[in-house]
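Everything on this sheet refers to the single structure shown next.
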Amino acid sequence: MDPSEVEFLAEKEIVKIIPNFSLDKVYLIGGDLGPFNPGLPVDVPVWLALNLKQRQKCRIVPPAWMDVEKLEEMRDLERKEEAFTPVPSPYYMELTKLLLNYASDNIPKADEIRTLVKDIWDTRVAKLRLSADSFISQMEAHAKLDNLTLMEINTIRAFLLDSLNCMYKLRSNLQPGSSKGQFTDY
Amino acid sequence: MFVADIRKEFYEVVAHQRVALLVAADIDALCACKILQALFHCDQVQYTLVPVTGWQDLGTAFLEHKEQFRYFVLINCGANVDLLEMLQPDDDAIFFICDTHRPVDVVNVYNDNQIKLLIKQDDDLGVPSYDDIFRDEDDEEGDDSGNESDEGSEPSGKRRRFDEGAVERRIERQRAKREWEARRREILFDYEQYEYHGTSAAMMFFELAWVLTKDTKDMLWWAIIGLTDQWVHDKITHMKYVTDIATMQRHVSRHNHRNEDEENSLSIDCMRITFEYDLRLTLYQHWSLYESICNSCYTSCNFKLWTLNGQKKLQEFLADMGLPLKQVRQKFNSMDMTVKENLREVIEESSNKYGMKDIRIQTFGVHFGFKNRFLASDMVHATAALLESTEKDESDSDNFIKALDSLSRSNLDRLHSGIDLAKKKLMAIQQTVASCICTNLILSQGPFLYCYLMEGTPDVKLFSKPMALTLLCKYLLKAFVHSTRNKRCKLLPLIMAAPKDIEKGTVIVLGIPPESETSDKKK
């Protein structure tokens, strides 16, 4: 899966905006949106929020978890625990990137938030790499990882699957005698 | 006719149509075009952008797009000629003209259906009143039907008149008509004899954006660049520049106030525009201070840097300020902080001693990211150099698009290449001026001064473009006035000719008004 596909899926998440135009309820395949009234907050998917923001038709309200203190707590918790801690949102990395790229003037202390989210991401990916490394080297049969997000899984998916395939090939070639012997016997 | 409410009569009309944008090739027009493009993107208006570089270009562009479009927006072209006469459009074509060239042709002002002028009516226009110029054609007929509207008509009363009375009245009418025509010619001559420039087109479109409450800092910055372009290329007077800067300053404080809180500081990547009372040295923050002083028109002419004496004076000036030569020749960004701290005040003090009273000028600077700081005049020079770059294999419209791109914040490498080109251009101007003065290439031809650049002059290719040649011309005239003792030179205009296209053998000729003229009415 491509990271841009993951980002595309992330754009379905709901975020709050404050429009400056008015429009009646809009009936889309994915659900209903609106009605839009100037000054009143409304919930819309991220793709629509970004489009409206670029056309200067709304102001984006940062999600509740995008706050410096909360993110600091999460980062410290992540660093302490060995397992993965619950994430603020299943698409926290993509949402941070999208919102901070297009709407950084609506988000207070944007630079610190960017740094904190990157810290959380780095810690989690490091744990993931460690876990994958031990999985492969100790040839474990199964592992259980909670609270992983799609983006993190995506970063390790290609490598993990390919390396497990290689390991399987190597392992199956280590026992040529028994399988061939069986064959000739039969 | 003048558009009174720019939102209703212009924007809401074109917002649902396909529009053709015909944009002239100067920086003010580019900035206005950028602002209008941003507004069109917000509302998803379909438009076609056509750069034009002269009257012929305008005619051909119009002919090409005549069938597909009904609405044409002309930026910085077309107000000072009779447009309908020149282009011969269909009856349903509507032109919106936002042009800084004055005087606006009277036909354009008084045409009610096809031509709409996006110009403020109090913008110092002095348009003659309708009755002074136009009159109905009913009184061409000789009979006394009483519905004549000229000034010399006497009240009609009786239907039956005596023959002598009729003849007398006819003679009276003809005399009045001749008087009226004579006065009309005089009024038109006065109106059209001087050419000057009005408020920047970019500022007009920024006001439109403001009325629509879609103004962003990017648009504000483009409007500031448009205004600075008018000042850098000497199109408006200093008074007008200061007034317009005050207007822009109000917008800047409104934006800054809206966005900065103590607790929630803005991201470093957001754009910050600040008012600066900065030095008049072109590109000094992207160059070394020494180079900038040598190549800026103001300082170079005051010191007379093409003479040995002048060089010595410059060294004295630098020593007077206490700036070590090594520091001054370094790139500005790498100068010592201790030297840079009070640089502006130190330079201002010293330059007052050397007779340069206005070394500082009011302008704006922008600051985004950690290392990007630009002054408005830097951007003007960079974009102008890109617009008129004479590299091979680059057509005019390529240059136009490149220059337009360099105005966005995301194309910084293009902007930096523009700054490099601008540095080369300024150095070429400096050297050409020095050589012209030293070899006495400026000849006095009676009522004007004349100079011709030979084909073999180094960098003469750069001067085949109008804006570069204008800068060279003004610089040369100022330098000449400073270098001779002849007081009469201050009153003479300068005409300059440079080869335009070597294969075709064409020459570009430019004339500028005398140095001492401070009013904005120029011939």
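This structure is a prediction, so every number in the text was calculated from the model and none was measured. Basis for what follows: all heavy atoms, side chains included, without hydrogens, waters or symmetry-related copies. Convention: sequence-line order gives letters A, B, ...; per-chain numbering from 1.
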Test of understanding: with salt bridge (Lys or Arg N to Asp or Glu O under 4.0 Å), list the residues that count as partners of B:Glu276, not counting sequence neighbours. B:Arg344, B:Arg373
Applying side chain to side chain donor-acceptor pair (under 3.5 Å), can you list everything that pairs with A:Tyr92, at least two apart in sequence or on another chain? A:Glu152
Does atom CZ (A:Phe135) have a neighbourhood of more than 12 heavy atoms from anything else shown, all under 6.0 Å? yes
Taking the side chain as every heavy atom from C-beta outward, state whether A:Lys57 and B:Lys214 have any atom pair closer than 4.5 Å. yes
Could you tell me if the side chain of B:Gln44 sits less than 4.5 Å from the side chain of A:Arg55, heavy atoms only? yes
A:Phe21 atom CZ, over 12 foreign heavy atoms within 6.0 Å: yes
By side chain to side chain donor-acceptor pair (under 3.5 Å), A:Glu7 pairs with (sequence neighbours left out) A:Lys97
Give a yes or no on whether B:Gln68 atom CD has more than 12 heavy-atom contacts from other residues, nucleotides or ligands under 6.0 Å away. yes
Please tell me if the side chains of A:Gln56 and B:Asp43 come closer than 4.5 Å, counting only heavy atoms from C-beta onward. no
Quick one: which residues of residues 26-36 of chain B reach chain A at under 4.5 angstrom, heavy atoms only? none
More than 12 heavy atoms from other groups under 6.0 Å of OH on B:Tyr277: yes
